[in-house]
Amino acid sequence: MSSADYQDVQAAILARAGESLIHPTLDRIRAVMDLLGEPQRNYRVIHLTGTNGKTSTARMVDALLRERRLRVGRYTSPHLVTMRERIVIDGEPISEEAFVATYRDVLPYVEMVDARGGVPMSFFEVLTAMAYAAFADAPVDVAVVEVGMGGRWDATNVVDADVAVVTPIAIDHTDYLPDTVDGIADEKGGIIKPGAVAVVAQQPVAAAEVLMRRAAEVGARVAREGLEFGVVHRDVALGGQQIALKGLRGGYDGVFLPLFGGHQASNAAVAVAAVEAFAAPGEGDEQLDPDLVRTALAGASSPGRMEVVRRSPTVLVDAAHNPAGMAATVDTVQEAFTFSRLVGVVSVMADKDVEGILEPLEPLLTEIVVTRNSSPRAMEVPELARIAEDIFGPDRVHTAPRLDDAIDAAVTLAESTGEFGGAGVLVTGSVVTAGDARHLMKGA
């Protein structure tokens, strides 16, 4: 198999309706799963939804499970650089050869479903079918599955997970989801199934009420951050933070987490609780081995999430793409870094709450360079500049037509004071922006 085969397969998948073109039904994915022999029934599942923190939490759950010597499949979205990142087995993205082979295995069944008429299977539905088939073929012991959007009608929701994780809910994707927190919680609560354990991060009251009601309706047990589990203590540390966690079965202290921000400490607490809730029947009520937790979390990574990709000046890449996520990013930068001058590089999707994303950045950034990422959904630079000027004032806003030019301009602006070590650049606004920047800066 050549690399051209992989490129051809990737192009064929991309030619399908995009992830954000929603037709709210599970009929197509259920039909293809049925034709494939229901591969998603061949392993246990931890299913994650929420507005922010899903991918970081999924990566920590994966690390904890692999430290327990389980074989783990992980399905997350969107990807930063390569589509293969979405389907991970044993901590590594699926190879080009396996990606192509899996696509060719499922394609006849996808075509059968397409041929039934109506709406063809989407980009995301095909990738979901591929992930579930690849995990069965591996085979994995457990799949850690992140929803694409929402929950109830998301293509991933053909599983009945042992553990349903709900990370913090906020308003996002309002073109496709309700525009209230309780409405979004209702959609996301659809992954909580009868007999499961729902591990729920701290939520707005309206969201928590909806999730608790859903759990009661289906007979799921609930573990809530701040009550049954949570972060007991955290201190900023070099390269991350030192945390102590209260789990469902015991305490875990002296844990180094090489990720920045209180939100990542909470994600770690959710991940530990999810793995405790998942523990196999017969394992009793003993807590996880504290050394296992320390080892797994010390090795945790979350590419594109407050990631340092360069020093002198420091260049941070962060995938924040909604107001709640950007507020967490700003808090994290203020807590973990001591910049005397910070220049932002921002590209945002046109269908987002752009003002809500930019406003938290105004007190943080000295200047901002607006640009566009590689997505056709990216807001055009003149329009983004106009919105930024209303928030930052014209004198602080600069433009660049391409991300690489924008990063170069931001580095120059950051270094213009001549202060050694006090200048930085923050590249943010979208997962695509973060992925493009990582590719440019790290060749990743």
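Please read these numbers as outputs of a predicted model, since none were measured by experiment.
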Measuring from atom CG of Leu384 to atom OG1 of Thr371, what distance do you get when rounded to the nearest 0.5 angstrom? 9.0 Å

Are the side chain of Glu276 and the backbone N or O of Arg249 linked by a donor-acceptor pair below 3.5 Å? yes

Is the closest basic N to carboxylate O distance between Arg66 and Asp90 below 4.0 Å? no

Is a side-chain N or O of Asn267 found less than 3.5 angstrom from the main chain of Thr57, in a donor-acceptor match? no

So that I can tick it off, tell me whether Arg86 and Glu146 are bridged by a salt bridge, with the cut-off set at under 4.0 angstrom between side-chain N and carboxylate O. no

Under 4.0 Å between a side-chain nitrogen and a carboxylate oxygen: does that hold for Asp289 and Arg68? no

Counting only N and O atoms by type, is there a donor-acceptor contact under 3.5 Å from the side chain of Lys246 to the main-chain atoms of Leu227? yes

Go through the side-chain N and O atoms of Glu225 and Ser266 and say whether any donor and acceptor fall under 3.5 Å apart. yes

Greater than 12 external heavy atoms within 6.0 Å of Arg402's CZ: no

Could you state the interatomic distance from CG (Leu35) to CE (Met112), rounded to the nearest 0.5 Å? 4.5 Å

Nearest 0.5 angstrom please: Thr51 OG1 to Met149 CE, how far? 11.0 Å

Does the cation-pi check pass for Arg44 over Phe278, that is, NZ or CZ under 6.0 Å from the six-membered ring centre and within 45° of its axis? yes

Just checking, is any N or O donor in the side chain of Asn52 or Asn322 under 3.5 Å from an acceptor N or O on the other one? yes

Is there a donor-acceptor pair under 3.5 Å between the side chain of Ser122 and the backbone N or O of Glu125? yes

Atom pair CG/CZ of Leu364 and Phe337 - distance to nearest 0.5 Å: 11.0 Å

Scan for salt bridge (charged side-chain N to carboxylate O under 4.0 Å, His left out) pairs involving residues 311-329, sequence neighbours excluded, and state none if there are none. none

Ignoring hydrogens and geometry beyond distance, is a side-chain donor-acceptor pair present between Thr128 and Tyr75 at under 3.5 Å? yes

Distance, nearest 0.5 Å, that separates OG of Ser430 from CG of Asp436: 8.0 Å

Does Arg16 reach the main-chain N or O of Phe124 with its side chain, forming a donor-acceptor pair under 3.5 Å? no

Can any side-chain N or O of Glu187 pair as donor or acceptor with the backbone N or O of Gly183 at less than 3.5 Å? no

Looking only at atom types and distance, does a side-chain atom of Gln203 sit under 3.5 Å from a main-chain N or O of Thr167, one as donor and one as acceptor? yes

Backbone N/O of Glu67 and side chain of Arg69: donor-acceptor pair under 3.5 Å: yes

Please determine whether a side-chain nitrogen of the Lys or Arg among Arg41 and Glu38 lies less than 4.0 Å from a carboxylate oxygen of the Asp or Glu. yes

Checking Arg71 side chain against Asp141 main chain: does a donor-acceptor pair fall under 3.5 Å? no

Thinking salt bridges, do Arg152 and Asp186 make one under a 4.0 Å N-O criterion? yes

Quick check: does any side chain N or O of Gln241 sit under 3.5 Å from a backbone N or O of Gly262, one acting as donor and the other as acceptor? no

